There are 2 protein chains.
Amino acid sequence: MPTSKDVAQAAGVAQSTVSYVLSGKRPISEKTRKKVEAAIEELTYQPNAGARALAGRRTRVIGLVIPFIPELEMASLMEFVSVIASTARQFDHDILLVTEDEGAAGLRRVVGQQICDGLILMQVEDEDERLPVARTLNVPVLLIGIPRDPSGLVCIDADFEMAGDQCIRDLASAGHSVVSIIEWQPAVVNRHVNYVDRFMRGADTAAESLGVAVHHFPGGADVAIISESVDKALAATEGVPAFIAPDRTIQDILRRALTARGLTPGVDVSVIGSASPTLAELQPVPLSTIDLRPKEVSRRAVKIICDLLETENQGPHESLELVPTVITHRASTLRPPHGS
Amino acid sequence: MPTSKDVAQAAGVAQSTVSYVLSGKRPISEKTRKKVEAAIEELTYQPNAGARALAGRRTRVIGLVIPFIPELEMASLMEFVSVIASTARQFDHDILLVTEDEGAAGLRRVVGQQICDGLILMQVEDEDERLPVARTLNVPVLLIGIPRDPSGLVCIDADFEMAGDQCIRDLASAGHSVVSIIEWQPAVVNRHVNYVDRFMRGADTAAESLGVAVHHFPGGADVAIISESVDKALAATEGVPAFIAPDRTIQDILRRALTARGLTPGVDVSVIGSASPTLAELQPVPLSTIDLRPKEVSRRAVKIICDLLETENQGPHESLELVPTVITHRASTLRPPHGS
DNA sequence: TCGATTTATCGATGCGTATCGACGATGCGT
DNA sequence: ACGCATCGTCGATACGCATCGATAAATCGA
């Protein structure tokens with residue numbers, strides 16, 4: 001492997017000059033820059049990351065703490081991971097995976113060994129055991145998700161309250177006065193992420209101001225529970241029933257339960273789910289969706305932490321950014337009455 | 001951040017002694033070891049990764065090249081990633097994400113900058129553009145998947161041929177003489193991964209030796225295509241029909257298509273799918289599965305490359321490891337006739 | 001034309017660890 | 001008691017790069 005010294009020798013300059021050509025931190029004449037760049041090209045020189053980290057006290061690596069494999073939600077998780085990694089590259093950073101099974105000790109390790117310049121924590125819970133540790137680490141930490149006490153922390157998440165609001169308003173404007181919301185699966189709810197509450201709060205508030213009645217039903221991974229909820233919901237509704245199912249697994253089960261009862265989304269019943277546009281269009285009846293914008297959340301998360309890494313001021317930051325959600329009409333919801 | 005020099009000072013020894021206590025590469029008296037360990041504890045010393053990499057020419061990081069986000073198969077992908085990261089930790093290594101959108105240049109980068117000691121390539125295609133590059137990198141590379149020409153490369157994958165064989169034998173022993181296999185989705189097939197072919201070869205060979213007739217049907221993401229295949233398959237079968245659907249998405253669609261026709265798995269029809277035991281049990285009718293053992297593949301992949309990293313001999317290795325698949329009877333297939 | 005600036009480059013040093021050779025201390029046999 | 005191997009520790013050096021101060025060269029003003 002060629003070193004910057006080799007490059008310097010090939011270009012007939014000092015090693016430090018090579019370094020300055022690369023970093024641009026001192027003026028370099030056009031002539032020597034050309035020489036150095038030619039030498040770099042010829043030797044296919046690439047700076048050694050370890051040496052760079054040692055001398056520059058910067059690794060340009062961000063640790064990504066992924067939650068413990070819950071067998072569910074994996075697809076969604078992967079989308080975050082993938083977009084985070086790509087975006088990090090755009091900011092000239094790399095992503096190191098830190099698995100949850102290392103626990104809080106893992107955070108101390110990657111920061112203590114200075115493998116990472118900063119951390120992104122995914123799936124932050126209401127009372128997350130990692131937070132006390134995160135607060136004491138002397139590196140920027142970015143949370144995806146909002147804990148009960150976000151003081152002294154930098155958080156970002158989808159605006160679930162807005163999502164709940166949008167769903168209710170949308171159904172209300174389509175003429176529904178009763179809406180049934182089916183919660184996330186117990187596996188999600190029990191993890192004590194609070195976006196469930198935020199969503200419901202947004203929905204309830206909107207419903208109250210619009211005079212819409214909202215029924216809540218527990219989520220469940222198996223058909224029986226959902227079927228039961230559907231029956232209760234149908235019994236409690238006059239006119240065309242409306243369902244909101246923000247959990248992807250739930251919405252699949254819901255669709256089957258409705259089909260089994262001879263109800264067609266967009267005709268006899270309105271359904272709002274959550275899915276990427278692509279997947280939504282692939283449904284038997286294209287699904288109206290509330291888009292929680294995982295990609296945008298991921299992108300902003302990376303941007304925020306990279307900004308923090310640039311301005312290396314040590315003062316503990318604190319901020320809370322909510323990414324607006326987007327509701328999209330497709331065939332699974334009734335159209336609003338003409339003129340409304 | 002304390003350094004090994006600080007530790008040395010606190011313990012009243014030389015810095016090199018601290019290093020030897022940590023590495024164990026030279027004998028250290030019980031007494032000074034205790035002193036040093038106490039100092040490490042007290043200062044919460046952790047060795048600097050950059051310095052370590054520089055001096056030891058080893059980063060203890062493995063690059064994991066994840067395929068370009070295909071919107072499908074994400075859950076399965078995440079399972080690999082998660083297990084790989086955990087297993088790497090057991091071998092005292094970390095995982096750096098390398099996204100496919102950097103292309104082959106990404107491989108050169110992470111190796112050239114010596115961010116990684118080795119690479120794991122996921123989802124290797126038949127004629128993978130990354131392979132020529134991989135062969136010239138002077139670090140161990142481990143492929144998950146088997147390219148057309150595996151010469152000079154180290155590969156591991158599930159034994160899809162065995163999987164095909166097992167499925168056919170299982171159905172044959174349950175009395176089926178005609179079996180319909182529904183291929184993976186076009187999105188998978190078109191990516192030119194060859195495990196599809198390997199599976200079919202195993203199935204066809206077994207079928208021939210057992211006198212079983214096999215019908216192949218294309219996969220498809222939407223219900224219409226699968227329904228059509230099912231109808232054709234039913235028409236072509238006398239007695240109880242049997243289906244094999246190794247693609248998870250397909251198997252979900254298949255189940256609905258069969259249900260719609262009043263066929264109950266395990267009673268009027270046999271179905272073998274692919275899913276984790278957990279998910280298989282959650283189905284309306286517990287699904288007989290062919291387990292492609294993604295976790296085991298991941299674990300072995302990490303073990304292999306870590307072994308290669310230990311024995312740093314430079315000679316280009318070549319090997320091909322196939323992980324045995326496991327077929328598990330559940331309620332969705334007919335029971336073999338008594339006594340067989 | 002000569003000193004005062006500015007510009008471009010060089011040499012030296014430090015970052016924190018691993019490793020090698022050296023050296024004093026200890027134990028051995030005779 | 002003396003030479004000799006062994007054990008435990010130390011000091012010095014290298015790893016490859018970033019950065020600082022210094023210096024030579026070029027530019028400018030008067």
Side-chain angles (χ1 to χ4, degrees), chain A residues 1-37 39-40 43-61 92 109-117 310 312, chain B residues 1-37 39-40 43-61 92 109-117 310 312:
Chain A
M1 292 279 184
T3 70
S4 64
K5 199 193 285 180
D6 298 330
V7 173
Q9 195 169 354
V13 300
Q15 178 268 325
S16 54
T17 302
V18 175
S19 182
Y20 285 122
V21 167
L22 253 17
S23 71
K25 293 195 177 176
R26 281 201 184 172
I28 297 288
S29 73
E30 191 60 22
K31 198 173 62 179
T32 61
R33 168 180 293 117
K34 285 277 169 63
K35 278 193 301 183
V36 170
E37 283 169 351
I40 288 178
L43 299 179
T44 65
Y45 164 75
Q46 298 197 252
N48 178 294
R52 209 193 253 266
L54 184 57
R57 44 197 72 198
R58 253 198 194 171
T59 65
R60 306 201 71 79
V61 170
D92 197 24
R109 183 179 66 85
V110 291
V111 171
Q113 297 185 173
Q114 299 178 54
I115 303 180
C116 293
D117 297 335
E310 295 309 318
E312 51 184 322
Chain B
M1 293 277 181
T3 70
S4 62
K5 200 192 285 181
D6 298 329
V7 173
Q9 196 168 355
V13 300
Q15 179 267 325
S16 54
T17 302
V18 174
S19 182
Y20 286 121
V21 167
L22 254 14
S23 70
K25 293 194 178 176
R26 281 203 183 170
I28 297 286
S29 73
E30 191 60 24
K31 198 174 63 179
T32 60
R33 166 179 295 117
K34 284 278 170 60
K35 278 194 301 183
V36 170
E37 283 169 352
I40 288 177
L43 299 178
T44 64
Y45 164 74
Q46 299 196 251
N48 178 293
R52 209 193 254 263
L54 183 55
R57 44 200 71 196
R58 249 190 201 180
T59 65
R60 306 201 73 79
V61 170
D92 197 22
R109 181 179 67 84
V110 292
V111 171
Q113 295 185 174
Q114 299 179 54
I115 304 180
C116 293
D117 297 334
E310 294 310 317
E312 52 184 321

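Fair warning: this is a prediction, and the values are worked out from it, not measured in the lab. Numbered from 1 within each chain, the chains take letters A, B, ... in sequence-line order.
Counting any heavy atom pair closer than 4.0 Å across all strands shown, B:S29 reaches sugar-phosphate atoms only and no base atom. Within the nucleic acid shown, A:R26 comes within 4.0 Å of at least one base atom, counting heavy atoms only. Among the heavy atoms of the strands, none lies under 4.0 Å from B:V18. Residue B:S23 is classed as having no contact, given no heavy-atom separation below 4.0 Å to the nucleic acid. B:S19 comes within contact range of at least one nucleobase, with a heavy-atom separation under 4.0 Å. When heavy atoms are screened at a 4.0 angstrom cut-off, B:I28 is found touching the sugar-phosphate backbone but no base atom.
Counting atom types as modelled, A:Q15 pairs a side-chain N or O with a base atom of D:dA18 as donor and acceptor under 3.5 Å.
The CZ atom of A:R57 sits 15 Å away from the C1' atom of D:dG16 (whole-angstrom rounding).
Side-chain proximity of B:P47 to C:dA8, C:dT17, C:dC10: nearest is C:dT17.
Under the Watson-Crick or G-U wobble criterion, with both distances below 3.5 Å, C:dT30 is paired with D:dA1. When both distances must be under 3.5 Å, the Watson-Crick or G-U wobble mate of C:dA22 is D:dT9.
For the OP1/OP2 pair of C:dA18 and a distance below 4.0 Å, the side-chain nitrogens and oxygens of B:K25 include no atom meeting the criterion. The shortest distance between the side-chain N/O atoms of B:T32 and the OP1/OP2 oxygens of D:dT9 is below 4.0 Å.
Here the side chain of A:D117 pairs a donor or acceptor atom with the backbone of A:R60 at under 3.5 angstrom.
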